[in-house]
Amino acid sequence: MCNDLKSIEDIIQYYKYIIQTLDNTAQDNQDRAYGGFVRATKGKMLENIAECLVKIAWQELGAEGDRLTMNKTKIPIPINKDYIESIQDKEIKDYINQNISDYVFKCSVDKHLFVDDQFVMGMECKSYTENAMIKRILLDFKLLRTLYPKLKCFLLQLESQLGGDYSNFTAKNFGSKSTHTLMSYFDFELDILTLVEGERNIDKPIHKPEHYKPLSKNRCLYVKEKFKQILTHYQ
């Protein structure tokens, strides 16, 4: 899909088509429940938009396209050996040590961005985010950063349900009190980017014609420039 989206204008038209036809398409779908179909379609759309914005940013930097790759392959995170040492039961500790290669947690976020096979940026893509989701997102990035301590971490959300001003398109966002409190317990920055203006209203879903919200060119350009700020170090 991303190969068909060459410009910001293409992305805006793609978003408009998906969102404005989603209600009817979900109602006509026979293979999946309405709500599940809507969530999956929005999620896939946002991942496509994210990938295209990254590729446009990379292209504008004049870098070679084949140096940049993206995937979401799960990465095995090994068990923390300090944890093993803290186990009081010697039999359990010995058993883990004897089988230590099996003790991994396979972790990923929605987009892993590599430049020259170096994992430089991770991105979680959500059609909307609330603070209960932020806890999981932060933990996933924390685990990935145990192996890739310089990894840049992004949350790209279609709509925000985090409170505060994440959905206000002003020169500076101050975030929300609860989100900042959660982030204060982690030793890295999570850059939160919102594509559609205005806090999410569960009673006014944007795929319903009467509640449709457009995707603005200025906001897409803003997100693209954010990605360029990271990628410029690798061009």
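What you see is a predicted model; the values in this text were computed from it and never measured. Only this structure's heavy atoms are used, side chains among them; waters, hydrogens and symmetry mates stay out.
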State whether the side chain of [X] and the backbone N or O of [Y] hold a donor-acceptor pair below 3.5 Å, judged by distance alone.
X	Y	value
Asn173	Asp165	yes
Asp110	Met123	no
Arg219	Thr194	yes
Thr179	Ser176	no
Gln235	Leu61	yes
Lys126	Leu155	no
Arg145	Phe188	no
Lys72	Ser108	no
Asp89	Glu91	yes
Asn29	Thr25	no

Residues in side chain to side chain donor-acceptor pair (under 3.5 Å) contact with [X], at least two apart in sequence or another chain:
X	value
Arg200	Gln161
Ser178	Asn131
Thr41	none
Arg67	Asp116

Same cluster or not: Leu215 versus Leu5, using hydrophobic residues (I, L, V, M, F, W, Y) connected whenever any side-chain heavy atoms lie under 4.5 Å apart?
yes
Hydrophobic cluster membership, Leu144 vs Leu156, 4.5 Å side-chain cutoff
no
Considering residues at least two apart in sequence or located in another chain, which fulfil the ring-ring contact (aromatic ring centres under 6.0 Å, His included) criterion with [X]?
X	answer
Phe141	none
Phe119	His112, Phe114, Tyr148
Phe169	none
Tyr17	none

Any salt bridge between [X] and [Y], counting N to O under 4.0 Å?
X	Y	value
Glu9	Lys217	yes
Glu60	Lys224	yes
Lys55	Glu51	yes
Asp191	Lys152	no

Using every non-hydrogen atom in the two residues, find where [X] and [Y] come nearest and quote the distance to one decimal.
X	Y	result
Tyr14	Lys44	OH-O, 4.4 Å
Cys125	Lys111	SG-CG, 4.4 Å
Lys228	Ala57	CG-CB, 3.3 Å
Val120	Leu151	C-CD1, 3.6 Å
Glu199	Gly163	OE2-N, 2.9 Å
Ser160	Tyr166	OG-CB, 3.6 Å

Salt bridge (charged side-chain N to carboxylate O under 4.0 Å, His left out) contacts in which one or both residues fall within residues 22-42, not counting sequence neighbours:
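Residue pairs passing salt bridge (charged side-chain N to carboxylate O under 4.0 Å, His left out), neighbours aside: Asp23-Lys208.
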Tell me whether Gln88 at atom CD has more than 12 heavy atoms from other residues, nucleotides or ligands lying less than 6.0 Å away.
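Counting neighbours around CD of Gln88, 12 or fewer heavy atoms of other residues, nucleotides or ligands fall under 6.0 Å, so no.
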Taking ring-ring contact (aromatic ring centres under 6.0 Å, His included) as the criterion, tell me which of Tyr234, Trp58, Phe154 meets it with Phe227.
Phe154
Name all residues meeting the side chain to side chain contact (heavy atoms under 4.5 Å, CB included) criterion together with [X]; count only those two or more places apart in sequence or in a different chain, and write none if there are none.
X	answer
Gln59	none
Asp102	Asn99
Lys16	Gln13, Gln20, Tyr212

Could you tell me if the side chain of Ile75 sits less than 4.5 Å from the side chain of Lys106, heavy atoms only?
no
Are any of the side-chain heavy atoms of Leu195 and Ile49 separated by less than 4.5 Å?
yes
Take the angle between the ring planes of His207 and Tyr34 and call it parallel below 30°, perpendicular above 60°, tilted in between.
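Tilted.
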Using the side chain to side chain contact (heavy atoms under 4.5 Å, CB included) rule, pick out the option among Leu138, Ile137, Ile192, Leu190 that qualifies with Glu124.
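So the option named by the test is Ile137.
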